[in-house]
Chemist: 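Quick one: the structure is below, and I'll ask about it shortly.
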Amino acid sequence: MADETLDASGLNCPLPILKTKKALSKMDTGKILEVISTDAGSIKDVEAFCNQTGNKLISTVEESGKYIFTIEKA
Amino acid sequence: MSDNKKMTIIATKGTFDWAFPPFIIASTGVAMDKEVTIFFTFYGLNLLLKDTSKLRVSPLGNSGMPMKLPFGPEWLQKIDFGPKIPNIFWSLPFTEYLATFLMKKTMKKNGVATLDELRSMCQEFDVKFIACEMTVALFGYSKDDFIDGVEFAGAATYFEECDGSNHNLYM
């Protein structure tokens with residue numbers, strides 16, 4: 001179960017990443033953030049973001065046009 | 001994870017459309033753990049003005065610009081008027097207001113951040129804004145014309161910012 005949820009539906013690049021960064025910066029290490037996005041570009045971008053920043057992408061789920069990312073804060 | 005922690009951008013364009021790339025790349029750069037500096041020079045200074053509502057985009061001389069309507073029936077929205085309208089039309093007075101209005105509408109519809117939103121995000125993320133002192137004087141600007149938090153310096157300062165940076169972009 002996620003500790004925080006960020007709904008970035010309807011937002012386009014780079015807003016989902018910027019909002020994810022902001023949300024994570026307010027959280028403690030080990031906490032789980034769930035990000036909901038409708039931007040198809042965010043599938044690759046969230047992965048790249050996590051690779052680069054060391055946060056752990058636990059899962060990516062696609063559900064009726066929405067992408068749900070589960071990220072563990074590093 | 002990468003050890004390359006710095007990025008610099010030289011922003012030289014002052015039209016509404018070209019105002020976006022520097023702020024998008026800079027804010028994303030910080031999200032990716034980079035330390036980012038933007039050096040605004042010549043027309044790029046427009047991007048630091050308190051009032052950005054005067055920024056315009058014109059299809060004049062830019063025949064590659066797609067022109068689709070952001071409203072109306074679906075079949076109409078699919079038509080690209082870009083290649084259909086003679087480019088000379090865009091030399092008529094006030095047509096850039098029309099093009100800017102349509103681009104803003106399209107951006108809103110697509111959930112693209114506004115210019116002011118991206119710029120404040122950059123400031124919140126501590127992107128360093130440097131305005132080229134020489135062009136500020138050249139174009140007769142006063143420092144009060146610009147938003148708070150801008151540093152005024154020259155090309156040598158830009159080079160100092162480049163030290164240790166392996167992303168140095170010219171826009």
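A note on names: the letters A, B, ... follow the listed sequences, proteins ahead of strands, and every chain is numbered from 1. Fair warning: this is a prediction, and the values are worked out from it, not measured in the lab.
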Chemist: Mind checking the CG-CG spacing from B:N110 to A:L11? Nearest 0.5 Å is all I need.
Modeler: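 Reported to 0.5 Å precision, the distance equals 11.5 Å.
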Chemist: Counting neighbours of CZ on B:F159 that are heavy atoms of other residues, nucleotides or ligands and sit closer than 6.0 Å, is the number greater than 12?
Modeler: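 No, not enclosed.
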Chemist: Between B:A31 and A:T53, what is the shortest heavy-atom contact and its length?
Modeler: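 Shortest heavy-atom separation between B:A31 and A:T53 comes out as O-CG2, 3.3 Å.
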Chemist: Starting from B:I38, can I reach B:Y170 by hopping between I/L/V/M/F/W/Y residues whose side chains sit under 4.5 Å apart?
Modeler: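 Each belongs to a different hydrophobic cluster.
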Chemist: Do you reckon B:L169 sits in the same ILVMFWY cluster as B:V36, going by side-chain contacts under 4.5 Å, direct or chained?
Modeler: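 Yes, B:L169 and B:V36 fall within the same hydrophobic cluster.
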Chemist: Using the rule that Ile, Leu, Val, Met, Phe, Trp and Tyr join whenever any side-chain heavy atoms are under 4.5 Å apart, tell me whether B:M134 and B:F146 fall into a single cluster.
Modeler: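 Linked, B:M134 and B:F146 end up in one cluster.
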Chemist: Let me know if B:M121 has heavy atoms under 4.5 Å from chain A in its side chain, its backbone, both or neither.
Modeler: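 Just the side chain, heavy atoms under 4.5 Å.
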Chemist: In terms of hydrophobic clusters joined by side-chain contacts under 4.5 Å, are B:F101 and B:M103 together?
Modeler: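 Same cluster: B:F101 reaches B:M103 through Ile, Leu, Val, Met, Phe, Trp or Tyr contacts under 4.5 Å.
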Chemist: Starting at CG of A:N12, measure out to CE of B:M107 and round the result to the nearest 0.5 Å.
Modeler: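 Going from CG on A:N12 over to CE on B:M107, the span is 10.0 Å.
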Chemist: Under 4.5 Å from any heavy atom of chain A, what part of B:I25 do you find: side chain, backbone, both or neither?
Modeler: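 Contact with chain A involves no heavy atom of B:I25 at all.
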Chemist: Are there more than 12 heavy atoms of other residues, nucleotides or ligands under 6.0 Å from atom NZ of B:K13?
Modeler: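 More than 12 within 6.0 Å, yes.
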Chemist: Would you indicate whether the side-chain heavy atoms of A:K21 and B:M32 approach each other to under 4.5 Å?
Modeler: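 A side-chain contact is absent here, since even the closest heavy-atom pair is not under 4.5 Å.
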Chemist: Atom CG in B:D33, atom CG in A:N55: separation rounded to 0.5 Å?
Modeler: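 CG of A:N55 is found 8.0 Å from CG of B:D33.
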Chemist: Quick one, B:T28 with A:F49, criterion side-chain contact (heavy atoms from CB on, under 4.5 Å). Give me CA distance, side-chain angles, the key distance, then yes/no.
Modeler: CA-CA 9 Å; B:T28 308; A:F49 167 78; over 6 Å; no
Chemist: Decide whether A:I43 and A:I36 are clustered together by the hydrophobic rule: side chain heavy atoms of Ile, Leu, Val, Met, Phe, Trp, Tyr closer than 4.5 Å, transitively.
Modeler: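 Hydrophobic grouping puts A:I43 apart from A:I36.
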Chemist: With rounding to the nearest 0.5 angstrom, report the CD to NZ distance, A:Q52 to B:K34.
Modeler: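 A:Q52 CD to B:K34 NZ: 4.5 Å, rounded to 0.5 Å.
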Chemist: Could you tell me which portion of A:L18 (side chain, backbone, both or neither) has an atom closer than 4.5 angstrom to a non-hydrogen atom of chain B?
Modeler: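 Contact with chain B involves both backbone and side-chain atoms of A:L18.
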